[in-house]
Amino acid sequence: MNYYLYFLKGGPDGKLHLPKTYSPEYGQSYDDCNFDLALIRWGCETLLESAEILQISDPLAPKWKDVLENLVDFPENEEGFMIGKDQAYDRSHRHFSHLLMVYPLHLVHIDQPNGRERIQRSLNHWQSKKEYLMGYSYTGASSMAATLGEGNLALDYLKGLWGEFLRPNTLYVEDGPCIETPLSGAQSIHDMLLQSWGNKIRVFPAMPDVWADASFADLRTEGAFLVSAKREKGKTDFVKIKSLAGAPLIIAPGIKGKILTSGKRKFKMENIGEGLFSIDLKKNEEVILHTDQTKHFVLKPVSEKRRVGNYYGSKAMKKKMEYKGLE
């Protein structure tokens with residue numbers, strides 16, 4: 001992160017600017033490249049937050065604060081976030097390098113004024129130029145849709161990976177088989193099930209209508225929490241949270257109606273609005289949030305009646321698949 005500090009220069013507008021840097025795979029370098037601006041802003045925020053948590057007095061902290069106060073805004077036009085200053089997103093591009101501030105860094109998000117509209121506009125424009133979109137394009141778009149809380153849209157984008165690019169053995173092919181895009185697809189599913197950006201845990205934040213039943217166990221979130229949850233017939237049944245570090249817990253459990261707590265002691269739970277609750281969970285403690293209709297706290301796999309077979313490692317394909325020199 002501190003490497004970037006050498007390149008920032010003050011401009012006539014009083015803002016800190018970057019000279020020409022490279023937006024990965026877009027072909028050229030540009031002034032005030034959004035890719036690098038996002039990393040700089042996220043890096044300074046993260047260093048300051050880490051120093052506060054660890055109670056470290058870092059001599060560079062004043063510089064990081066100065067950068068956050070004076071760094072130029074992300075270049076943006078009526079179509080959404082640009083590649084850089086004076087360079088719009090004007091041709092198809094498989095990666096979302098210019099959208100890191102949306103995902104995975106969450107510097108621009110739905111809790112901000114106009115955040116939802118800015119994200120949706122940028123996502124729509126990126127996906128409208130389809131010529132060079134690949135599997136990673138659809139997984140990235142799926143996760144961005146999930147941050148908007150749009151479960152059906154997130155699943156539709158993810159189907160772009162399943163339908164065209166993902167192979168029966170779960171690998172992915174462009175010039176050869178690779179694993180990073182399938183892992184990104186797995187993360188897209190995680191983002192539909194659980195999110196934890198902005199110091200808030202969101203349970204089942206972007207569930208497609210067809211995923212009426214779902215469950216997961218011990219997914220790890222920011223703040224060092226382990227979260228498990230169960231959903232039946234489109235409604236969250238219970239959520240279990242364990243704190244590994246004693247960090248403050250703010251959670252949107254997605255439970256409709258009155259929420260009850262169960263655990264080894266009586267927990268103080270405060271409704272802070274917009275579906276969010278603050279709970280006084282201490283290190284190594286565990287609390288379960290549930291409805292008055294919850295019968296048990298048992299997690300089990302969701303049955304899939306449509307499943308017709310497991311093709312992993314089998315000879316299910318009727319013809320040989322050939323990939324540019326690989327068989």
Listed partners of Trp197 passing ring-ring contact (aromatic ring centres under 6.0 Å, His included), at least two apart:
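Per chain and number, Trp197 pairs via ring-ring contact (aromatic ring centres under 6.0 Å, His included) with His106, His109.
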Got a sec, which residues hit salt bridge (Lys or Arg N to Asp or Glu O under 4.0 Å) with Glu52, two or more places apart in sequence or on another chain?
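Glu52 satisfies salt bridge (Lys or Arg N to Asp or Glu O under 4.0 Å) with no residue once adjacent residues are dropped.
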Partners passing salt bridge (Lys or Arg N to Asp or Glu O under 4.0 Å) against Glu117 (at least two apart in sequence or in another chain):
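For Glu117 the salt bridge (Lys or Arg N to Asp or Glu O under 4.0 Å) partners, ignoring immediate neighbours, are Arg121.
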Inspect the surroundings of [atom1] in [X] and state if more than 12 heavy atoms from other residues, nucleotides or ligands are less than 6.0 Å away.
{"X": "Tyr132", "atom1": "OH", "answer": "no"}
{"X": "Lys235", "atom1": "NZ", "answer": "no"}
{"X": "Asn199", "atom1": "CG", "answer": "no"}
{"X": "Lys130", "atom1": "NZ", "answer": "yes"}
{"X": "Tyr136", "atom1": "OH", "answer": "no"}
{"X": "Arg91", "atom1": "CZ", "answer": "yes"}
{"X": "Lys129", "atom1": "NZ", "answer": "yes"}

For Val298, the rest of its hydrophobic cluster, which grows through side-chain links under 4.5 angstrom:
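Members alongside Val298: none; it stands by itself.
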To the nearest 0.5 Å, what is the distance between CG (Asp36) and CG (Asp31)?
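Rounded to the nearest 0.5 Å, the CG-CG separation comes out at 11.5 Å.
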Is it true that Tyr138 and Tyr157 have ring centroids separated by less than 6.0 Å?
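When the ring centroids of Tyr138 and Tyr157 are compared, they turn out to be at least 6.0 Å apart.
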When Phe35, Trp126, Phe81, Tyr26 are each screened for ring pair (Phe, Tyr, Trp, His ring centres under 6.0 Å) with Phe96, the one that passes is Trp126
In a table with atom names and distances, give each donor-acceptor pair under 3.5 Å that connects a side chain of residues 269-282 to protein atoms at least two apart or in another chain.
from, atom 1, to, atom 2, distance (Å)
Asn271, OD1, Gly273, N, 2.9
Asp280, OD1, Lys268, N, 2.7
Asp280, OD2, Arg265, NH1, 3.2

Only pairs at least two apart or in different chains count here, so list each ring pair (Phe, Tyr, Trp, His ring centres under 6.0 Å) that has a residue in residues 199-224.
Phe204-Phe216
